[in-house]
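For clarity, every value in this text was computed on a predicted model and none was experimentally measured. Every number for a ligand or one of its atoms is a count from 1 in the order of the listing.
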Amino acid sequence: MTKTMRGNFRLETFWVPAATGEAPVYSIALTNDGDQPISDFTLCVSGPARIDPAASVEGGRLLVRLSNHAEFAPPPGFVLQSGETWTMKAHGMSYHPKHWTDGANAGYVVLADRSAVPVTVAPTLAKGDNAPLTRGAVVYPVPKVAPVTVSIVPWPEKVAVSGVIAPPAGFDLRSEVIEADAAAQAFAKLAQALFPVEGIVRSAAEGGFPVSLAVRDGFAPESYKIEFSATGVTIEAGTRTGLLYGLITLGQILRAARQYPETFTFPAAGEIVDAPALGWRGVHLDVARQFYGTAEVAQFLRILAWNKLNRFHWHLSDDEAWRVEIDAYPALTEIGAWRGHGLKIPPLLGSGPQMTGGYYSKAAIREIVALASSLGIAVVPEIDVPGHCYAMLQAIPELRDPDEAGSYYSVQGFPDNCLNPVREETYQVLETIFDELIELFPSKIIHIGADEVPLGAWSGSPMALARLNEVGGKAMADAHAARLNVVTNTHGADEIDGSGAAVLQAEFLARIQAFLASRGCVTGGWQEAAHGNVIDKTKSTLFGWRTVEASAALAGEGYDMVVCPGQVYYLDMANSQAWSEPGASWAGWSDPEKLYTFNPVEGWSDAQKRHLLGVQCCIWSEPMTDRGVFDRLVFPRLSALAETGWTLPKRKSFARFAALAGLMPILYGIYEKP
Ligand code: TNX
């Protein structure tokens, strides 16, 4: 095939929001920039916006829809001439785009010979907002005068330093015991990987300033103490992680004093005594919607450590992909890790027609877990079940009930995406998978998801309905059967508490938890795992993503809680409501100040606080097709969350944070253009 015949196309999308006073409409326009006319073709697009069944399409036909993947055909006999544009308009979409990353961000044309030609895609524009679209982290300039003379994020419990010496060229780390040596080595590697040209650790011969590390009794696990003098520094802690944290504090002070000598100093005397406010200071990363290579994950972990964050919640499976190698079921990664035109999982969320994706081999996972452990971070793997399993079920279709009829849909528009709680095969497969995971992850917390099971889940499965009849009665089973083929949750995830779906899910959760407990593991779950009140509270950790009040109520019932409300701690939510800001805002939006000042335990009683493990931000990756979007959404909000987890409320100050945030590393180094 010659190059000209392959075509050259451009896709432009445009949203008219209701706020303009006009009827909301989403236009999709394909321009033929090639020199040949085309006919008998289709157009496929993907991106967070979904053309759901409620929408009507003018100027074209929706042939296929799977979540945000849509394939359109022009009217019969239509010819797209060279230089001309074909426009479709979708009306009645249930979810309205709110930000430029919400629209289609990938597309391709399938020609008459079935070949797929990628299309150049422009960011979606919206009527009434001509502001330049933003990407890249917001710059936090370091002021001439800061509220503090030493730069440390998160801010310590006690800073009592005085005097000034010229910032040393670097640190000569001196350790006499194995634990201290391990901390010194971890810090040297960390500083080298994050700030490769700065020479933060160097020998005495190269001008390294003496820093002595000592392990002492009487320190809480992550706490440490630093003593300054004009001739050297001493760090004491009870553990390797405590010493590492002391070194990170010292490294932050050095970098600031060196780079901004007018603003910050390196102390000559005094001490810093430090300990965290909360034990769980987590970050969740969704690697299913977008794939992040092992090197990216590793660098991200280093940034977590630099913020003294200590839990990495690794969301390894979802509808869009399965990302972890499982020896017993190679199809999970052979099929489930890849999207592309003609594959079992189509292009989604901005992946084009070419095969895209990836997975973590067991060797890669071991590497990440070892790195995390050296940095004081526990890795919590999540396999999201029984919902969010479209990719898994595409890879192992035998897991479906062969007699299941009809369809139900998830909030993200996936059909029939839940593992069947009544089939023995479900448990055989999951137990095998969990056994392989338990061997890989020493943290012994296995997160099983349990979020967003659709109201209609299993409503066409005869065996599920029979079981529901037994445990919930005929009325419940009949009501559940009537949900088949009914599209629900088009305005947000279904609240399933008390429904047939919740009763069936509870059967599943009780059994999976018993299995994990038999292996000595704590079960992690999103807050929906509490439905039916069947899991053992003493062996569970729940993640409260809806409201702070809902988390408080669960804590009151005795569940250990990690608080991560979507409105503020979901970092896929945009920094503001503006169209020009990337991200979503279905749960809300939060700029760094809002996140920083947010009180995660507002209104909690003392009894409820006894079940507070800590806080976590969640990076869902739907909008992260562009790494500049990642940097903008994640930084410096990640550091704001870190300070919420570490620093007691009475010592927090956004003015101080804003003055220091610019010194914190970001993952891809992409800052917004001035
Ligand atoms: C809800 S909250 C989800 C995820 C999405 C996220 C997007 C929860 C446990 N599940 O599947 O990625 O919203 O913001």
Heavy-atom pair of closest approach, residues N307 and M664: OD1-CE, 3.1 Å
T541 side chain reached by V562 side chain, heavy atoms, under 4.5 Å: yes
For ligand 1, the portion of F543 having any non-hydrogen atom under 4.0 Å away: neither
Atom 1 (C) of ligand 1 [closest protein heavy-atom partner, distance rounded to 0.1 Å]: E452 OE2, 3.2 Å
Atom 2 (S) of ligand 1 [closest protein heavy-atom partner, distance rounded to 0.1 Å]: Y570 OH, 2.7 Å
Sub-4.0 Å atoms of ligand 1 with respect to non-hydrogen atoms of D572: 7 (C), 14 (O)
Ring center gap for W586 and Y95 short of 6.0 angstrom: no
Centroid-centroid under 6.0 Å between F635 and Y668 rings: no
Heavy-atom gap R546 to ligand 1 smaller than 4.0 Å: no
Side chains of Q616 and W280, donor plus acceptor under 3.5 Å: yes
Donor + acceptor pair across side chains of H99, E581 (<3.5 Å): no
Top protein contact for atom 10 (N) of ligand 1, by heavy-atom distance: D451 OD2, 2.9 Å
Close aromatic pair by centroid cut-off 6.0 Å: W526 and H284: yes
Numbering as shown, the atoms of ligand 1 that approach H388 to under 4.0 Å (heavy-atom distance): 11 (O)
Distance from atom 5 (C) of ligand 1 to nearest protein heavy atom, with residue and atom: E622 OE2, 3.3 Å
Atom 11 (O) of ligand 1: the protein heavy-atom neighbour that sits closest, reported with distance to 0.1 Å: R289 NH2, 3.0 Å
For M573, atoms of ligand 1 separated by under 4.0 Å from a heavy atom: 14 (O)
Check: W458 ring centroid to H480 ring centroid under 6.0 Å: no
D286 heavy atom under 4.0 Å from ligand 1: no
W586 N/O under 3.5 Å from ligand 1 N/O: yes
